[in-house]
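Notes for the one structure printed next.
Given the structure is predicted, the values throughout are model-derived calculations rather than measurements. Note that these values count all heavy atoms, side chains included, but never hydrogens, waters or copies made by symmetry. Just so we're on the same page: letters track the sequence lines, and every chain starts at 1.
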Amino acid sequence: MTYVNENDTKKTVNSLFAPYKNLIGKDKTYVSVPIIRMYCVTNEGCSVLVNVYNFFPYFYIHKPDLFEKEDIMSLEMKMNEHLNMNNQFKTCDHKILKIEIVKTENLMYFKKQGKTDFLKITVLLPTFISTLKKLFENGVTINNKSIVNIVYEANLPFILRYLIDNKITGSSWIKCEKGTYYFKPKDKKISNCSFEIDINYKHLSPLPLEDDYQLIPKLRILSFDIECIKLDGKGFPDAKNDPIIQISSVLYYQGDPIDKCTKFIFTLLECATIPGSNVIWFNDEQTMLEAWNKFIIKIDPDLLTGYNIINFDLPYILNRGTALNLKKLKYLGRIKNIFSSIKESNISSKQFGPHDTKEININGRIQFDVYDLIRRDYKLKSYTLNYVSFEFLKEQKEDVHYSIMNELQNESPETRKRIAVYCIKDGLLPLRLIDKLLFVYNYVEMARVTGTPFVYLLTRGQQIKVTSQLYRKCKELNYVIPSTYMKTNTNEKYEGATVLEPIRGYYIEPISTLDFASLYPSIMIAHNLCYSTLIKSDYEISDLKPDDIVVVQGKSVYRFVKNTVRKGILPLIVEELILARKKAKALMQNEKNPIAKMVLNGRQLALKISANSVYGYTGASAGGQLPCLEVAISITTLGRSMIEKTKEKVENYYNKSNGFEHNAVVVYGDTDSVMIKFGTPNITEAMELGKDAAQRISKEFTKPIKLEFE
DNA sequence: CCGATTGCCTAC
DNA sequence: TGAGGTAGGCAATCGG
Ligand SMILES: Nc1ccn([C@H]2C[C@H](O)[C@@H](COP(=O)(O)OP(=O)(O)OP(=O)(O)O)O2)c(=O)n1
């Protein structure tokens, strides 16, 4: 944001912007400053734009020994010089705001030295950081003192930096301290939110996720659907030529009963009245579209939804705006002067494969496309709205075939009403799906558990969740995370889990299955596996006893310090995720309704994948943010030895020479499970033996590793 | 016709 | 920070 110097009569405003006045250069009246816009909702459901000021980005570097005041000044000059090579940056006068000496520690590897001196460098704008990162990575020497070419915490998105430092988690309640903020009058507002305030970041604090603060506010969710006709007969409509004839919009407040929603239908040409819906008709398309845009701004929804809106409806509306040269049709976001546009790109991920994506900026409103949500969370034969609705709601679309759309549109108000009823239904179904499948609830839960903003859960993958949790814990325990991390993109592969060769056959006897609970996460906890506990050299452990160290013997040997020496961070993270999963599992088990049970099962599985992704994160050698193959390999190595040991224990204990009636045989197993033929034809007995074995073998492993009878 | 590689899908 | 991981079955394809 550009801050323009002015003296306001209000005290709150003056003190809020006081720090910026010092940043304005000589002969200037303005300065660029970072600003964070938080789109919030009050308990009553009013939208509030909170403009957060005075928080600045920073990163860390190592401090060379004997680094004096004049060295710090030279360093500052050096950084300024480097930034000045960019003409845009050059216009800022004060770029480096602060250089502090702080005691902290690299997250990477166990070091007996503990906390040492680092330089924390605070700068004016987030974009400076990547430029400076490159500078330091290429090596910088100040007055003959060379600085280690590793930069810390220079890759975190600025918004996440702010949330983490202030302990704010996604989709949670925050408090703005009374009297500290500037309540913007109507003529000063830059947004269309109900309220807008300016506040210093220091006066904003998180509220604990307890009691009433666990509740989800009445978010406004607006679902819409457009209908268009192909003017020259058949084919797929093209926004360049083919008009939009109707737009349905259904408004729903999160938490309300689903029948309590308000339906609107915007139609081109007169449409007969529809009980329970507001019909608004227009004589030309342009007026209709502009009216709809005004309606969106007026309703001011927090979430925009529908079915395939990101790939179809929204681009179609925007392209139609371009075709008709309608500027007013593009202000779909909450900021007054920013219009929406489409960015097309091709991305690829392991989870979803390569695909073309459209990106549309609508500031302050989340694009909650039910088509994408269902594709993400459910494996179905088909993903048409009709099929999905039938699967989950036992309901179907109105039956209006596309081929007669043209006729219906041209005939009469009554035939246009048929289109309208169809269109409203298509707007309503996504809302019913959101309600039935608890989409808002589940995403809010994930945002809270992982501390990640809601939108990231839709637009990003698993890594951002781990990154968010990792930085949070590091902040709390005073570690810093390197951004420059060695040979990036090594694409190294490593050995994973063991799949036992099945002993094929037709088994008439019952087969008992034993399975470790959350195997990889519990391995991390039991053996304290983490970046910060990995031992890279004998020197670091010269003061420790053999008993303080965990040795993982695989193709190579990896060693970690036990949690009595130092508690790992990754174990803390997975512990929280496992706990959240246990709660979700308990809810699921108490649920009778099959659909609700399925939904809770999905939630439980999503938390399990988040926990397993902490392991995957350490093994992500290709595009990973902080890979550490030693940790990943240690986890799989320990896992392999566990399935092997389990099979051996079962077969060596439950056999004839030990007084049992039969010799038990492990007939199959995969990663963390063994399937045992105890030999008895009696199911009850096979179950008892299974439970016994689970208990007996669990004792052989470190807590919390637990073998369960399934 | 054979074996190796690739793509897709699923179990962990 | 664009993108959690490996194991393994099966069908299609390719080079010889
Ligand atoms: N999507 C997955 C599934 C599994 N695994 C790894 C880590 C798991 O710990 C291990 C065993 O998988 P399970 O499916 O048995 O899941 P968990 O053991 O984690 O949970 P549960 O308690 O349901 O057995 O395989 C993984 O990395 N990613």
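Between the P atom of C:dG4 and the NZ atom of A:Lys465 lies a distance of 9 Å, rounded to the nearest Å. Note: CG (A:Leu519) to P (B:dA11) measures 18 Å, nearest angstrom. The distance between atom CG of A:Asn612 and atom P of B:dA11, rounded to the nearest whole Å, is 15 Å. Atom CD1 of A:Ile635 and atom C1' of B:dC12 are 15 Å apart (whole Å). Rounding to whole angstrom units, CD1 of residue A:Ile643 and P of C:dT6 are separated by 18 Å. Summarising the geometry, the separation between CE on A:Met675 and P on B:dA11 is reported as 12 Å, rounded to the nearest angstrom. A:Leu457 has its CG atom 17 Å from the P atom of C:dG2, to the nearest Å. Rounded to an integer number of Å, the gap from OH of A:Tyr494 to C1' of C:dA7 is 12 Å.
Taking atom C1' in both B:dC12 and C:dG4, one finds a spacing of 14 Å when rounded to whole Å.
Contact annotation for A:Lys133: no contact, since no heavy-atom pair falls under 4.0 Å across all strands. Among the heavy atoms of the strands lying under 4.0 Å from A:Gly616 is at least one base atom, whether or not backbone atoms are also near. Using a 4.0 Å heavy-atom criterion, one finds that A:Ile464 contacts the sugar-phosphate atoms exclusively. Counting any heavy atom pair closer than 4.0 Å across all strands shown, A:Ala620 reaches sugar-phosphate atoms only and no base atom.
With DNA chain C read from its 5' end, the first of the two nearest nucleotides for A:Ser613 and A:Ala154 is the one closest to A:Ala154.
Residues A:Tyr378 and A:Leu437 approach most closely at OH-CD2, 3.8 Å, considering heavy atoms.
For A:Asp672, whose side chain is taken as the heavy atoms from C-beta onward, the closest listed nucleotide among C:dT6, C:dA7, B:dC12 is B:dC12. When distances run from any side-chain atom of A:Asp670 to the nucleotides C:dG4, B:dC12, C:dA7, the shortest one goes to B:dC12. The nucleotide whose nearest atom lies closest to any side-chain atom of A:Lys379 is, among C:dT6, C:dG4, B:dT10, B:dT10.
With sequence neighbours excluded, the residues satisfying salt bridge (charged side-chain N to carboxylate O under 4.0 Å, His left out) with A:Glu700 are A:Lys649.
With hydrogens and angles left out, the side-chain atoms of A:Ser518 and A:Arg581 include a donor and acceptor closer than 3.5 Å. Between the side chains of A:Thr104 and A:Asn478, a donor-acceptor pair is found at a separation under 3.5 Å. With 3.5 Å as the limit, one finds no donor-acceptor pair spanning the side chains of A:Asn612 and A:Tyr617.
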